[in-house]
Amino acid sequence: QVQLVESGGGSVQAGGSLRLSCAASGYIYSNYYMGWFRQAPGKERDGVAAIYIGGGSTYYADSVKGRFTISRDNAKNTLYLQMNSLKPEDTAMYYCATAAPWYGGRWYSAVEYNYWGQGTQVTVSS
């Protein structure tokens, strides 16, 4: 069983920064993926960024490339999302997740993940 707990959300003005953290407990395969997703009211849960735990390869949605950075501290079992130059359209609930055993390579798709945190709210005002 894997437990994920997000923190670090809040309210900021456009142009500001936040760093989200996701503390993981339980067994997580070292050669697997973890990701950050976000969901705005009335919209689907979309992939924001993902990282390959074993090798460090990272993946980003086009909308956040150059502004967000995903990273992981394996010693602390913690996943991070550094968010800079925030925009009002970044407003959403942010979730971290671990890839499922059936993971097929679509890092951006929620169906590829099976463990989720409870989410942390990010609100960006203009």
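Residue indices begin at 1 and follow the sequence shown.
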Checking side-chain contact (heavy atoms from CB on, under 4.5 Å) for the pair T91/E89: CA distance, chi angles, key distance, verdict? CA-CA 5 Å; T91 295; E89 50 264 44; over 6 Å; no
Does the pair Y32 and T98 meet the rule for a side-chain contact (heavy atoms from CB on, under 4.5 Å), with working shown? CA-CA 8 Å; Y32 232 51; T98 59; over 6 Å; no
I would like to know whether I70 and Q82 meet side-chain contact (heavy atoms from CB on, under 4.5 Å); could you show each step before the answer? CA-CA 6 Å; I70 188 172; Q82 178 66 45; over 6 Å; no
Please test Y113 against W107 for side-chain contact (heavy atoms from CB on, under 4.5 Å), starting from the C-alpha separation and ending with a verdict. CA-CA 9 Å; Y113 297 78; W107 68 264; 3.8 Å; yes
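Of the possible donor and acceptor atoms, none in the side chain of Y60 sits under 3.5 Å from a partner among the backbone N and O of A50. A distance-only check finds no donor-acceptor pair linking the side chain of E6 to the backbone of T120 [under 3.5 Å]. The closest donor-acceptor contact from the side chain of S57 to the backbone of G55 lies at 3.5 Å or more, if one exists at all. Using modelled atom types, no side-chain atom of S109 and backbone atom of R106 make a donor-acceptor pair closer than 3.5 Å.
By the 4.5 Å heavy-atom criterion applied to side chains, M34 and L4 are counted as neighbours. Q121 has its side chain out of reach of Y94: every pair of non-hydrogen atoms, C-beta onward, lies at least 4.5 Å apart. The shortest side-chain heavy-atom distance between Q39 and E44 does not fall under the 4.5 Å cut-off. Contact of the Q118 side chain with the V5 side chain is registered, since non-hydrogen atoms from C-beta on lie closer than 4.5 Å. Looking at L18 and L86, their side chains come closer than 4.5 Å, going by heavy atoms from C-beta outward. Y80 has its side chain out of reach of L20: every pair of non-hydrogen atoms, C-beta onward, lies at least 4.5 Å apart.
Counting heavy-atom neighbours within 6.0 Å of Q3 CD, excluding the residue itself, gives a total of 12 or less.
Between F37 and Y108, the gap from one ring centroid to the other reaches at least 6.0 Å. Ring centers of Y103 and Y33: under 6.0 Å apart, within the cut-off.
S125 OG to K87 NZ: the interatomic distance, rounded to the nearest 0.5 Å, is 15.5 Å. To the nearest 0.5 Å, atom CG of residue D90 and atom OG of residue S63 are 7.0 Å apart. Rounding to the nearest 0.5 angstrom, the gap separating the CD1 atom in I53 from the CG atom in L79 is 8.0 Å. A distance of 9.5 Å separates CE in M83 from CZ in R67, rounded to the nearest 0.5 Å. Distance check, rounded to the nearest 0.5 Å: CE of M93 to OG1 of T123 gives 8.5 Å.
Residue T78 comes nearest to S21 through the heavy atom pair CG2-CB, 4.2 Å, listed as atom of the first residue, atom of the second, then distance. For S126 against P88, the heavy-atom pair with the smallest separation is CB-CG, 3.9 Å. A pairwise comparison of heavy atoms in E112 and W102 identifies OE1-O, 3.7 Å as the closest pair.
Note on K65 versus D62: salt bridge recorded, some NZ/NE/NH1/NH2 to OD/OE distance being below 4.0 Å.
Below 30°, between 30° and 60°, or above 60°: for Y95 and W116 the angle between ring planes is above 60°, a perpendicular geometry.
Side-chain contact of N84 with S17: a donor-acceptor pair under 3.5 Å is present, judged by distance alone.
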